[in-house]
Amino acid sequence: MKYSIARYWRERHSHYRLKAVRCLDCNRVNYPPSTICRYCGSKNLEEIELFEQARLLTWSVIHAATEGFEDYKPIIIAIVELVDSKVKILTQLTDIDLDEIKPGMLLEPVLRRVSEDDATGIIQYAIKYRPVLKRGD
Amino acid sequence: MKPEENTGIVGWGAYIPRYRLPLKEIVRIWGFSEETPKGLNTIEKAVAGRDEDAITMGWEAALNALKRAGIDPKLIGGVWFGTESKPYAVKPSATVIAEALGITPDTMATDLEFACRAASESLRLSIAAVASGMVKYGLVIGSDTAQANPGDILEFTASSAAAAFIVGLSKEAVAVFEASYTYVTDTPDFWRRAYIPYPLHGEAFTGQPAYFHHIESAVRGLFKKTGLKPDDFDYAIFHQPNGTFPLRVAKRLGFPKEKVLPGLLTPYIGNSYNASALIGLAKVLDEAKPGQRILLAPFGSGAGSDAYSIVVTEKVLERQAKAPRVVDYLNRKKIIDYALYAKYRNIIKKI
Ligand SMILES: [Zn+2]
């Protein structure tokens, strides 16, 4: 096994629910969450969740992935801006073809498999973003 | 008063993956007759993407059920996950979903297996747990990325989808469980041994002694218990291993085709095993009107069937638009070929 199980477990809420922390001194959001504000050094933080729709800002396509990620190629890494909180996060896009990607498109969070530690190790799950499902009414 | 009558569905949700494999692709690759998929009354089957599995699909169905229920996830006291395609052989799927939806840690959570019927057994368990007052709400999920031996007749229909229901007290419900009845026997119609990647089935044995006998016995048992008859129901939803069996069992029980078609999804998405009948129920709830009565009869090989009488309340109307409907997922589709399907479903052997 190559992955740190302890790390995956420790980070599960930021992977599963986009848990973050807001700094009560400078009001900035730290994602992934940290114990000290990366912007002002304050320890005065509150837990929040960023589970919300987002707009696509920019992206990059990875055709040569590292071990554990190969089967998921091409991997689309994206920076998205969350619609309500305006926080920008790094994520992956899913359920989309490369020729369908458009800057500014509206996306929604979904839980997906991210990688596997061989056929015997743990499966890592995390939030990715996909185009918002079209609704009939 | 029967214990079921105190309980009902407070939220429902479904999920169908984006990809569809036209069954003519299976004809092309394996040399079947073009008549074979026609005999199954199925055109395409839903295929989960490479980054999807029973956990991720079950998560989305459950998220939709939570949106409709509008309850605090922490009030859920049991998460029951029915599947026969667990991502891990040992390690519960239910805990991943419970953690991801913010239900943990004050809850029961487990995965159940009974071929295509585990989620229906979960539904009966949740009714018991809620009716007894042991839990306030139960979350029932049926989710499968059904496997089939490539080139086997089962491959035409084995598909991927999920459905989820939050069960609570009847006073909050969009649909009340009026009665339920279960019929099980030891019938070897379909199985998969440990370490073997694909299930086997008893060919013709899967029909009369398995599917038809168990569903008909469960439904007749429900009729006997309640005094209800086919005319009392507005919809009839049966386990749907293909597009023809549900119509045939309906006819044998005295239900017209028109009551079956609204909840019959296999012609468009294939047989999603634990989600098969339940996604039919989700679609019917998406469009049902207060006062209507639904017959639900899932089936699982091995074998067993449950029959439920479910009565829709006026609360259904306010919750139908609170989450995507089954039709929204049906309309979102991308056609793929056999090669991409083989990659997505991990059929290609790599080392
Ligand atoms: Zn700060």
Side-chain angles (χ1 to χ4, degrees), chain A residues 5 8-19 47-49 51-53 65 67-76 91-100 108-137, chain B residues 14-19 48-64 66 73 86-89 91 93 95-104 145 197 286-287 320-334 336 340 343-346 348-351:
Chain A
I5 297 168
Y8 175 63
W9 174 76
R10 206 167 52 239
E11 295 175 349
R12 69 196 187 285
H13 293 149
S14 56
H15 289 310
Y16 292 176
R17 301 209 296 270
L18 298 179
K19 193 190 92 175
E47 277 189 11
I48 56 166
E49 279 178 22
F51 194 83
E52 47 182 287
Q53 292 189 346
E67 227 180 314
F69 295 83
E70 304 97 321
D71 286 357
Y72 300 93
K73 296 191 310 255
I75 294 169
I76 310 161
T91 185
Q92 286 186 33
L93 302 188
T94 189
D95 285 359
I96 191 165
D97 295 344
L98 298 180
D99 60 6
E100 294 169 339
E108 62 190 350
V110 287
L111 188 75
R112 292 296 169 93
R113 286 163 87 117
V114 170
S115 65
E116 287 154 68
D117 194 353
D118 294 333
T120 53
I122 59 164
I123 303 163
Q124 300 208 11
Y125 294 89
I127 293 295
K128 296 183 183 178
Y129 272 80
R130 70 149 184 238
V132 164
L133 190 76
K134 279 203 194 79
R135 307 263 306 261
D137 48 8
Chain B
Y15 177 75
I16 302 168
R18 178 189 188 220
Y19 306 103
R50 185 61 187 87
D51 65 354
E52 299 187 274
D53 60 23
I55 289 179
T56 66
M57 297 193 308
W59 170 87
E60 184 157 342
L63 181 74
N64 287 333
L66 269 171
K86 281 162 65 81
Y88 288 93
K91 183 186 181 304
S93 309
T95 52
V96 179
I97 294 173
E99 191 88 44
L101 293 174
I103 298 167
T104 50
T145 53
D286 284 348
E287 45 203 64
Q320 284 169 332
K322 285 190 172 169
R325 296 177 202 232
V326 172
V327 179
D328 299 323
Y329 287 105
L330 282 175
N331 291 340
R332 177 191 76 144
K333 67 170 178 176
K334 182 181 164 61
I336 57 171
L340 216 44
K343 181 200 166 186
Y344 287 166
R345 289 296 87 229
N346 215 7
I348 300 171
K349 190 174 275 182
K350 288 174 60 186
I351 55 163

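Here the structure is a predicted model, which means the values were calculated and not measured. A note on names: the letters A, B, ... follow the listed sequences, proteins ahead of strands, and every chain is numbered from 1.
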Please classify the contact of Y19(B) with chain A as side chain, backbone, both or neither, using a heavy-atom distance under 4.5 Å. side chain

Considering only heavy atoms, which portion of A323(B) lies under 4.5 Å from any heavy atom of chain A: side chain, backbone, both, or neither?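 When you check distances to chain A, only backbone atoms of A323(B) fall under 4.5 Å.
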
Please classify the contact of [X] with chain B as side chain, backbone, both or neither, using a heavy-atom distance under 4.5 Å.
X       : result
E49(A)  : neither
K73(A)  : backbone
E100(A) : side chain
H15(A)  : neither
I96(A)  : backbone
I123(A) : both
P109(A) : backbone

Name the option with the most non-hydrogen atom pairs under 4.5 Å to chain A; the candidates are V96(B), N331(B), I97(B). V96(B)

Taking every heavy-atom pair that is under 4.5 Å apart, which of K350(B), K334(B), E99(B), E52(B) has the most such pairs with chain A?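 It is E99(B).
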
Enter the distance from [X]:[atom1] to [Y]:[atom2] here, rounded to the nearest 0.5 Å.
X       : Y       : atom1 : atom2 : answer
F51(A)  : L63(B)  : CZ    : CG    : 5.0 Å
R130(A) : R112(A) : CZ    : CZ    : 6.5 Å
D53(B)  : K86(B)  : CG    : NZ    : 11.5 Å
I122(A) : K91(B)  : CD1   : NZ    : 8.5 Å
Y8(A)   : S115(A) : OH    : OG    : 8.5 Å

Heavy-atom pairs under 4.5 Å with chain B - which of H13(A), K128(A), R113(A) has more of them than the others? R113(A)

Best-contacting candidate, V114(A), I127(A), T94(A), D97(A), against chain B by heavy atom pairs under 4.5 angstrom: D97(A)

Y72(A) and G68(A): which non-hydrogen atoms are nearest, and at how many Å? CE1-O, 3.9 Å

What pair of heavy atoms forms the shortest contact from T145(B) to A48(B), and how long is it? CG2-CB, 3.9 Å

Just checking, is any N or O donor in the side chain of E60(B) or Y329(B) under 3.5 Å from an acceptor N or O on the other one?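 Per modelled atom types, E60(B) and Y329(B) side chains form a pair under 3.5 Å.
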
Using 4.0 Å as the upper bound for N to carboxylate O, is an ion pair formed by R50(B) and E116(A)? yes

